[in-house]
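Here the structure is a predicted model, which means the values were calculated and not measured.
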Protein chains: 2
Amino acid sequence: MSSKKHLRATTPTVRRVPTQRPGPAGGKRDQNRLRRLTQLCDAGLAEFLERGIEAVTVDEIARAAGTAKGNFYRYVEDKRDLVDALIAPLRAAFDDAMDRCEGATDAATDVSGLNTAYMTLALDLLKLFADHRDLVRLYLQEARVPGGGARAPVADLERHVTARTIALTKVAHEHQLLGKIPPEVSALAVIGATERLVLAHLRDGLLANEAQIATSLVRMVMEGIAG
Amino acid sequence: MSSKKHLRATTPTVRRVPTQRPGPAGGKRDQNRLRRLTQLCDAGLAEFLERGIEAVTVDEIARAAGTAKGNFYRYVEDKRDLVDALIAPLRAAFDDAMDRCEGATDAATDVSGLNTAYMTLALDLLKLFADHRDLVRLYLQEARVPGGGARAPVADLERHVTARTIALTKVAHEHQLLGKIPPEVSALAVIGATERLVLAHLRDGLLANEAQIATSLVRMVMEGIAG
DNA sequence: CCAAAACGTGACCGTTCAGTCACCTTAATT
DNA sequence: AATTAAGGTGACTGAACGGTCACGTTTTGG
């Protein structure tokens, strides 16, 4: 057949990711693997926040995670894949909150039911910000740049967030809750205001008092800037 | 002395930028030079908007401007310098508007004088957006990413805008125009809402009706989302 | 205990890119 | 018209980086 050296017992293609003996879920193999992946994610996230996704090299991430570059590719396809893994939980948390709100608005029979639904959403999002501070910051820092290469998952999420928020606002608009302002406009204005405040808090350390940001924002949304 | 070939008649250092015969301002030399610089700026801006500042190479900019890479460096130090040249007019226009507004608030003797000052600022900024559409879009797309390398001028401008806007808002706050909301919070909320709307308009082609965006925004700032 | 899968490594390869340089052409100035 | 600065070019260099590979080590399932 082939020469004695380099004979490949199993599959001909080079396997980067384990497929034959991944071990039982929750077993030692699984644990180790998850730990390394987490280290890579954490290291990547820290670097991305500091210098931007695009500027960070695979080698830097691997070293910061305490391993070698070659090993990086055993856990993840490339930098974009790592960003994907990073962003996925954020997207999931956002969808959870939105799903819950949509369920509540669908079930609501009167205006006050709608308002509770929106207040619940606000609280859910507040919790989301608290639970995923660094991820939210990464999203805010990177979302607006054209999504080529590794930034694509972030840009995707931005479109997703925009679309779902506008859709939700249209419901409010149909129930006459928004006066003459087009739903797209009010949706984007609220998103924009919220995101800018959260960014100032997370990135610049401005506005240390989180509760005050939240209540001020709600007040401004309800009554305008002079509230 | 030296060999006949390659003798350097004048200065020993390689000159990239003309210093000895730049020609009179407005003269032909000056015109040509300005034209090329403009081509490079235009080409760079277009590429930056499409794929992000970081991803664009010097060679691409030069080719898009219809010239060779080597020539790029005769007009500009490097990519960062080009971004600097692009951003400078935007910064200048912003400062003009803010200076005018500060002058008006200083001169104002009553609340209505302050309000006119702020409305004038809003109109000035509206004009700024119209006069520098692509530059504003570039700013919005790139401002939040950590400012390493070529993106530094944009990140600088973001800090500048934030600082001046907050300072201006503090004046309003001292005149009791903002109720209980801290001036930093209202300033950032308004910036955020405005920027998000402008970005949707410029980048995504959403919200085609500019006048409606503007009036809606003013209404929301004044009366809240339900205006 | 042992075979082999998974893990880990860093040298290596091919590509890309910023910045330079020697040479050529154009045109402004005297 | 002659001189020479300025404009223009693309090949070249060195550095950086993504991704691979051959090899060594560890872990585990049987």
Could you tell me how far apart [X] ([atom1]) and [N] ([atom2]) are, to the nearest whole angstrom?
X     : N      : atom1 : atom2 : result
A:Q31 : C:dA6  : CD    : P     : 17 Å
B:Y73 : D:dT9  : OH    : P     : 15 Å
B:I53 : C:dA18 : CD1   : C1'   : 17 Å
B:D30 : D:dG7  : CG    : C1'   : 15 Å
A:L34 : C:dA6  : CG    : P     : 17 Å
B:E54 : C:dA18 : CD    : C1'   : 14 Å
B:L37 : D:dG8  : CG    : P     : 12 Å
A:R74 : D:dT27 : CZ    : P     : 15 Å

At under 4.0 Å, does any side-chain N or O of [X] touch on OP1 or OP2 of [N]?
X     : N      : result
B:Y75 : D:dG8  : yes
B:R33 : D:dG7  : yes
B:N32 : C:dA28 : yes

Query raised in the report: Tell me, which of residues 59-70 of chain B have any heavy atom that sits under 4.0 Å from an atom in DNA chain D?
Result: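 Going residue by residue through residues 59-70 of chain B, the ones with a heavy atom under 4.0 Å of DNA chain D turn out to be B:T67, B:A68, B:G70.
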Requested in this report: Go through C:dC7, D:dG8, D:dT20 for me and flag the one nearest to the B:N71 side chain.
Outcome: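 The answer is D:dG8.
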Report summary line: Sorted by chain and residue number, the side chain to side chain contact (heavy atoms under 4.5 Å, CB included) partners of A:A122 (sequence neighbours excluded) come out as none
Requested in this report: Sort and list the pairs that fulfil side chain to side chain donor-acceptor pair (under 3.5 Å) and have at least one residue in residues 140-152 of chain B, not counting sequence neighbours.
Outcome: B:E54-B:R151, B:R137-B:Q141
Report task. Decide, yes or no, whether a salt bridge links B:R63 with B:D59 under the criterion of side-chain N to carboxylate O below 4.0 Å. Result ->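 Yes, this pair counts.
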Requested in this report: Report yes or no: is there a donor-acceptor pair, N or O only, under 3.5 Å between the side chain of B:R36 and the base of D:dG7?
Outcome: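 By the distance-only test, no, there is no pair.
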Residues forming a side chain to side chain donor-acceptor pair (under 3.5 Å) with [X], sequence neighbours excluded:
X      : value
B:E184 : none
A:T165 : none
A:T194 : none
B:K127 : B:D131

**Report entry** Pairs involving residues 83-95 of chain B, ordered by first then second residue, that meet salt bridge (charged side-chain N to carboxylate O under 4.0 Å, His left out) (sequence neighbours left out)
**Finding:**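 Found B:D95-B:R164.
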Query raised in the report: Just by distance, do the side chain of A:K79 and the backbone of A:G149 share a donor-acceptor pair under 3.5 Å?
Result: no
Restricting to nitrogen or oxygen on both sides, can you table the protein-nucleotides 14-16 of chain C pairs closer than 3.5 Å?
none

